[in-house]
Amino acid sequence: MRDKKREARFRLCLALAAAVFLVLLAAFGRWLAPYDPLEVDYGAVMAPPGREHLCGTDRLGRDIFSRILWGAGSSFFLTFVMVAVTSLTGVAVGLTAGLLGGGTDTVLMRLIDVLLAFPGSVFAIAVAGIMGAGIFHTVLALALVWWTKYARLTRNMASEIRNKDYIIQARFGGAGDMGILWRYILPNILPQAVIMASLDVGGMMMSLAGLSFLGLASQPPAPEWGYMLFESRQYMQTAPWMMIAPGAAILITVIVFNLLGDAVRDVLDPKE
Amino acid sequence: MKSKRMKRVMCAAAALALSLAVLTGCGGEKRTDESSGNESRDTEDGAVRTGDKHLNVALFWVSATLDPAKDYDGWVLSRIGAGETLIRLDENARPKPCLADTWEQTDDNTWVFHIRDGVAFSNGKAVDAQACKSAIERAFELNERAGEYFLLEAVEAEGQKLTIKTARPSGAVPNNLCEPLFTIVDTDAEEQAMDRAPVCTGPYVVESFDPEVSVKLVKNENYWDGPVGLDTITVRQVADSDSRVMAMESGEADLTTTIDNMNLALFQDETRYSVYETIGPRTNVVYMNNGTGFLKDQAIRQALLYGTDRQTYADLIDGEKAVGLYSTALACGRDLTDTYGWDQEKAKALLDEHGYVDTDGDGIREKEGQNIILKYYLSADHGSSDAALIAQAVQADAAKIGIGIELVQAENLAQIKSSHSFDLCSANDSTAPTGDPEVFLSLHYLTGASANYGEYSNEEVDRMIRELQSVFDEDERQSLAREISQKILDDGACLYISYIYGNTVTSSRVKHARQFPIDYYIITKDITIE
Amino acid sequence: MNLMRSYVGKRLLQLVFVLFGVTFLTYIVTAAAPSDGAEMYYLSRGFTPSQELLKQTREDMGLHDPLLIRYGRWLKNALKGELGVSYSSGEHVLTQLGRRLPGTLRLAGTAFVLMVFLAFPLGILTAVYKNSSMDYVVRFVTFFGNAMPDFWVALILMFILAVKLKWFRVMGTNDLKSMVMPVLTLALPLACSYIRQIRAAVLEEKNREYVIGARARGVSEKRIMICHVLPNALIPIITLMGLSMGHLLGGAAIIETIFSWQGIGSMAVEAIRNRDYPVIQGYVIWMAVIYVFVNLAADVFCYLLDPVKRRGR
């Protein structure tokens, strides 16, 4: 058992190191980029990967490697903001519902039921479609659906804990609502929320890329991974590198964050 | 206890299997009813009916109905070789006899057509003037677009003589009657049959039709114009250009059109494929808002014209560099003077001269302290990326002369265009859908006209466009249109980027295919398979 | 059986409420749209209306009434099955949906079946033969499969299977062969994720005290597995799989667009391009309805299986 724990810790360290590396790359990658990601070069249109251009160039002769480095910044930033906002909102709403119970609980839970009735990215597609494409609307639409699962988790745990003997005893002992929240409930809920959030990073990144791919999120000429894939579609045969590089970037990022999520779960989850 | 639970698990498993069966069941049902109306599936694989000549076509669009009078559905009917009109357009976009063998104008408002003798509908019924009259009247009745081509006063039928009277003089009547909207269709057929299997006069007859999916055609045994090259045709909608490319490569399709120019390189092997390319009537254009905003000032518009390297853009998307609004497929599009050749120094000098300078050093010039940043709308088009490429290229070039451009992809481009709420806006206009220049001009460049998106206005041009209506000689029409086009260009109204090649790709065993400038025609009687 | 009936009844009641909420939310989102319905109606028909005509049309369409009244009117029609008319094609939304829905259901349904048939055996086998070479291979593959964006998988599958190997058709929608690639693209990433989840669930169950107890009592491994571990581990997975139907329906939008599949997802993407609000509305609502019912079915199914829940209520 102890070995397992140690192994999980070790994996966590490794995944964390990889994730930190990626985040640093995303944050400072633009200074490493050999070219301006927006610089059009008609002399090097669709150049294959080589010494000049590490990952080749796209239809306007822009350096794909540089675009990926720049794109990392916005992809990461958006994903983290989304995960942070949705998880915090979700936890806050869930706690409110779970602790207050009664009418508030019912109203909030029914609202969540309604939101959860929209499958997958359908709601985001519709909102982006109706309000107009653009990163803001898409993010808004995704966030609107995404927070609900945190709220559900938190609410269920909170209402379960609320009725536990030791909480009731603590109440008899004169502990206030805030005190109970801080001392007993949050410490139980936070690890679960953190696990969920770290497992969510990859999924969120893919959802955003998918909507970009449909042309619903990013606007050209912004270097965004999903949109780069969208642009590359037509040239799958004539310039496959246009498709491979951004896809691989998404793949690697999602793998690292999935590993991180798994490791976080193994370390934090008392079950294992 | 244990066995009870076991039973429950089994029960559940059975239920799961059942529900899955139901789910897939709707699929299974669908499949059978499709295969029943679908014998020629086998011919696709070349198994059944040996000796029959069968062609598989991948088209970018198969309409929701085949009724020529609905929306643009007639275009599909014409492309697949089923529908024909009184007159058709030849490879120079000039009118040529089809169902009408001669025509003449008897006065300003009257045109008389002689319907070819011996033409019959595919059901054997003879085509006379009366049949043509009801088809044309039906088009005017059902489709608002008909009125854009000319205002119909009356149609008279007498034996093989068809007389069309217009409410106003219109020199474009012969060209405009080539629009597949005016397909001669047997109006005695039931309305329902009109949607799914209209009776026309073309070399092929619709055998079965699956809306927005496929059409199956067979040879018209009653065809009037000589032998027909094929026995059966299957036309499928493959909306995505890449999928069409792959369908050609994998051999699923023998003929396709409108594939992305970059991908033509994949079909260079002449032993396997034939490629046909011709400049069509389409122009890639960026509308500039002449009415409001920064671009109201002609100097900024001129600077953008000088400052954008249109030759390079055209090369990039494999088109022909545009000069004026009409493409070189038309006589009126040739021999224009390019008033604003690529010259960034001139652009900068022009801006400096008019006091647009960058005082705060951010690389963007200002007007009265405000950065010149233009909103450039483009469609979020999922099929072709030409518009996006042009937009990004224009943006990059404009930045070099100190003009900022912000790109906005919008789905509701039509709305943005007609509400004039843009600075720049990309479009891909068919400037002479019927080979005649008039309709496009009066809709797009007449002061206050409904499609005058850029709010262009020039009294002289207005006068000339009106004059065009009552010019009847075809060559004169073209040369007047050329003059108008030059004037609009000199005013710096729009950024004309490139003329677009239309293309058709076939496998090498397909013979006598052709790329017409006007894309009403894809399948002709001549196409055959060796 | 009575318990069962009241459970289903309760769920159905809940469902009515949820559907009500779904329609209301969808309606609000549409109403908040920046474009004007009356104008879109004409523009999508390719002509620019005059101001008077617009005013008249708004009046006719009742666009001036308060939101709730409009919603009430819309809901009344919707209950009668009238979801309005598509702006762009003039077709009834319901007709259009009816035409395109089977395509999506066929795709999602087949993908679902494939996923189930991949996920359960592989998930269970890898758990049983933990740390065998097969376990490692499957884990490795699923790990990657789990992290690949589905549209990327689609592009690569298309490139390799259709273009390079020419095994499958790119065009055509009604034969089995052309279904292979979209179904694979939809099913594989999901199957990867479920294989991992099932494996984890079975392993966890295997380490429970009662299992260890049973083993100590000399119950055979096989029997423990089939009678105890699997039922307990797999019940929660079924609920999850119901949820994954949502993923399949949503993901279909991208996959259908790539493979030019005539389904409801590609219809939605087209509708978005045309700002065809009634169609988008119809799409969202139908998706939600289907999803809600699938989930209900999954829940009822689990309820049937789960003795604790049944007795507990």
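Note that these values count all heavy atoms, side chains included, but never hydrogens, waters or copies made by symmetry. Below, read A as the first sequence line, B as the second, and so on, with proteins coming before strands; counting in each chain starts at 1.
Within 6.0 Å of the CZ atom in A:Arg152, the count of heavy atoms belonging to other residues, nucleotides or ligands does not exceed 12.
Each of B:Leu407, B:Ile405, B:Asn289 was compared with B:Leu374 under the side chain to side chain contact (heavy atoms under 4.5 Å, CB included) criterion, and only B:Ile405 meets it.
Aromatic ring centroids of A:Phe80 and A:Phe257 lie under 6.0 Å apart.
Side-chain contact check for B:Met288 versus B:Leu304: some heavy-atom pair is nearer than 4.5 Å. Using a 4.5 Å heavy-atom threshold, the side chains of B:Ile259 and B:Phe267 count as touching. The shortest side-chain heavy-atom distance between B:Arg272 and B:Asp269 falls under the 4.5 Å cut-off. Using a 4.5 Å cut-off on side-chain heavy atoms (C-beta onward), B:Ser421 and B:Tyr377 make no contact.
For B:Tyr313, the part sitting under 4.5 Å from any heavy atom of chain A is the side chain, from C-beta outward, and nothing else. At a 4.5 Å heavy-atom cutoff, the contact between B:Ala396 and chain A is made by side-chain atoms alone. In this structure, chain A has heavy atoms under 4.5 Å from both the backbone and the side chain of B:Leu389.
Applying the salt bridge (Lys or Arg N to Asp or Glu O under 4.0 Å) definition to pairs two or more places apart or across chains, those involving residues 393-407 of chain B are B:Asp397-B:Lys400.
Atom OG1 of B:Thr504 sits about 6.0 Å away from atom CD1 of B:Ile522, to the nearest 0.5 Å.
The shortest non-hydrogen separation linking A:Leu22 to A:Thr253 is CD1-CA, 3.9 Å. Contact record, A:Leu38 with A:Pro221: CD2-O, 3.4 Å, taken as the closest heavy-atom pair. Residue B:Tyr273 comes nearest to B:Glu249 through the heavy atom pair OH-CA, 3.6 Å, listed as atom of the first residue, atom of the second, then distance.
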Checklist line | Stepwise side chain to side chain donor-acceptor pair (under 3.5 Å) test for B:Asn284 and B:Asp386 | finding: CA-CA 9 Å; B:Asn284 270 316; B:Asp386 284 359; 4.6 Å; no

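Inspection of non-hydrogen atoms places no residue of residues 422-429 of chain B under 4.5 Å from chain A. Of all residues in residues 56-75 of chain A, those placing a non-hydrogen atom less than 4.5 angstrom from a non-hydrogen atom of chain B are A:Arg59, A:Leu60, A:Arg62. Contacts between residues 39-55 of chain A and chain B, counted as heavy-atom pairs separated by less than 4.5 Å, involve A:Val40, A:Tyr42, A:Val45, A:Met46.
No salt bridge links B:Lys321 with B:Asp315; every basic N to acidic carboxylate O contact stays at or beyond 4.0 Å.
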